[in-house]
Amino acid sequence: SVRRRRGGGGPPPPAKFLARLSMQPTQTLAEVAERMVQNALTGDCACHHVLVEEDPDALDGRCAVLSSLDMVRAFCRPELWQCSVLTQQGAVLKDPHPRSFGSRHLAVSDIMKPKDSVFTSPPCEMIRDVLRVLLMSHQNSVLIVDEDGVYGVFTPRDAVRAFAEGVSSTVRVADWLRGLNSGVNSRIVHSNATIAEAAGVMTARSVNHLVVLPPGGVQALGMVSSFDLAVCACGAR
């Protein structure tokens, strides 16, 4: 019960989670990014999505879901560099005082997570073992690499897809990634690319994570996510 949760020191009741995940249509993109960062720091709440109430006074309580990838898509619209506006299923977010859309000229290497700070797995691991890493680490991605190079990125969405397709959990993760139409090349960005270019890749391919390689190299330097781009573009870091 809610009463027992409050008194027992357990996780916050659902109402508190809802408050931390909810934004108003009039709030700015920078405020959304700041909320995502705050939720990430607490570690007990979703940080890549927020709920935007389309009409707080409406009886039906309709709301839209705004993701970090949606914010990256906004970053790819040049008109938003002067006045940030994002429309998502009827909910409009406006920012008359954008903070740092000039940061689009930063290099990916300036904001990426270094390889040593991300979770990695060798390609020989089974899907179930990689999924266990995701669950235990509370992360959204595992970089699949070895000394020969990069095989891809495994995410919770990949796990759901594999389950839906009836793929055995004992299949090697590299074998399953190799069978995807998109392939690892769809998730590659070079370290000297600008974050605006990285945002363009994410937007075009609808992916949340990119593997960062050195120009002309095959060994991963790190990863960059839509969350990283969103908070950097909106000046929340």
Side-chain angles (χ1 to χ4, degrees), residues 36 40-41 43 46-49 67-69 72 106-232 237:
M36 288 180 171
L41 291 175
C47 62
H48 292 79
H49 300 81
S67 70
S68 56
L69 185 56
V72 168
L106 287 174
V108 168
S109 58
D110 294 324
I111 67 166
M112 71 176 187
K113 297 183 183 73
K115 180 184 174 184
D116 291 343
S117 68
V118 302
F119 287 88
T120 63
S121 175
C124 59
E125 291 286 353
M126 294 182 288
I127 288 178
R128 68 184 182 192
D129 296 324
V130 179
L131 179 57
R132 187 175 295 113
V133 171
L134 282 174
L135 293 174
M136 295 180 64
S137 64
H138 300 287
Q139 296 298 309
N140 287 303
S141 62
V142 176
L143 178 61
I144 311 301
V145 293
D146 65 10
E147 63 276 5
D148 294 325
V150 179
Y151 294 80
V153 178
F154 190 80
T155 67
R157 184 166 63 175
D158 293 318
V160 172
R161 178 176 178 177
F163 176 79
E165 294 176 354
V167 177
S168 171
S169 63
T170 60
V171 169
R172 295 197 318 165
V173 65
D175 292 338
W176 186 76
L177 290 172
R178 197 176 292 117
L180 298 179
N181 292 330
S182 55
V184 65
N185 289 333
S186 66
R187 290 185 177 272
I188 296 297
V189 67
H190 290 117
S191 57
N192 60 351
T194 66
I195 66 171
E197 291 170 331
V201 173
M202 287 184 182
T203 298
R205 299 171 184 172
S206 293
V207 295
N208 285 286
H209 301 86
L210 296 176
V211 183
V212 183
L213 299 184
V218 297
Q219 293 296 330
L221 297 177
M223 288 180 61
V224 64
S225 69
S226 58
F227 177 83
D228 298 324
L229 291 181
V231 297
C232 175
R237 280 183 178 172

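Hydrogens, waters and symmetry mates are skipped; everything else that's a heavy atom, side chains included, is used.
Among residues two or more places apart in sequence or in another chain, the side-chain hydrogen bond (donor to acceptor under 3.5 Å, both in side chains) test is passed with N192 by none.
Taking 4.5 Å as the limit, some side-chain heavy atom of P156 sits within range of a side-chain heavy atom of L134. Using a 4.5 Å heavy-atom cutoff, the side chains of M202 and V189 are not in contact.
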Please walk me through it: do F154 and I127 pass side chain to side chain contact (heavy atoms under 4.5 Å, CB included)? CA-CA 9 Å; F154 190 80; I127 288 178; 3.9 Å; yes
Please walk me through it: do E197 and T194 pass side chain to side chain contact (heavy atoms under 4.5 Å, CB included)? CA-CA 5 Å; E197 291 170 331; T194 66; 3.2 Å; yes
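Summarising the geometry of V72 relative to S226, their closest heavy-atom pair is CG2-O, 3.6 Å, with the distance given to 0.1 Å. The heavy-atom pair separating L213 from V218 by the smallest distance is CD2-O, 3.9 Å. The two residues V150 and A220 make their nearest non-hydrogen contact at CG2-CB, 3.7 Å. Taking each heavy atom of P123 and D146 in turn, the nearest pair found is CG-OD2, 3.4 Å. Taking all atoms of both residues into account, the shortest heavy-atom contact from C232 to L106 is SG-CD1, 3.8 Å. Between E147 and Q219, the closest heavy-atom pair is O-NE2, 2.6 Å.
Taking NZ from K113 and CG from D228, the interatomic distance works out to 3.0 Å, rounded to the nearest 0.5 Å. In this structure, the separation between OH on Y151 and SG on C124 is 9.0 Å, given to the nearest 0.5 Å. Atom CD1 of residue I111 and atom OG of residue S225 lie 8.0 Å apart, to the nearest 0.5 angstrom. From L210, atom CG reaches atom OG of S141 across 10.5 Å, with rounding to the nearest 0.5 Å. Interatomic distance, N140 CG to T155 OG1, rounded to the nearest 0.5 Å: 8.0 Å. Remark: L69 CG to R205 CZ distance equals 13.5 Å, nearest 0.5 Å.
Although no hydrogens or angles enter the test, the distance criterion places no donor-acceptor pair under 3.5 Å between the side chain of E125 and the main chain of P122.
Looking only at atom types and distance, the side chain of S191 has no donor-acceptor partner in the side chain of S109 under 3.5 Å away. Between the side chains of N208 and H48, not a single donor N or O lies within less than 3.5 Å of an accepting N or O.
Within 6.0 Å of the CZ atom in R157, the count of heavy atoms belonging to other residues, nucleotides or ligands does not exceed 12.
R161 has no carboxylate O lying under 4.0 Å from a charged side-chain N of D158, or vice versa, which leaves the two without a salt bridge.
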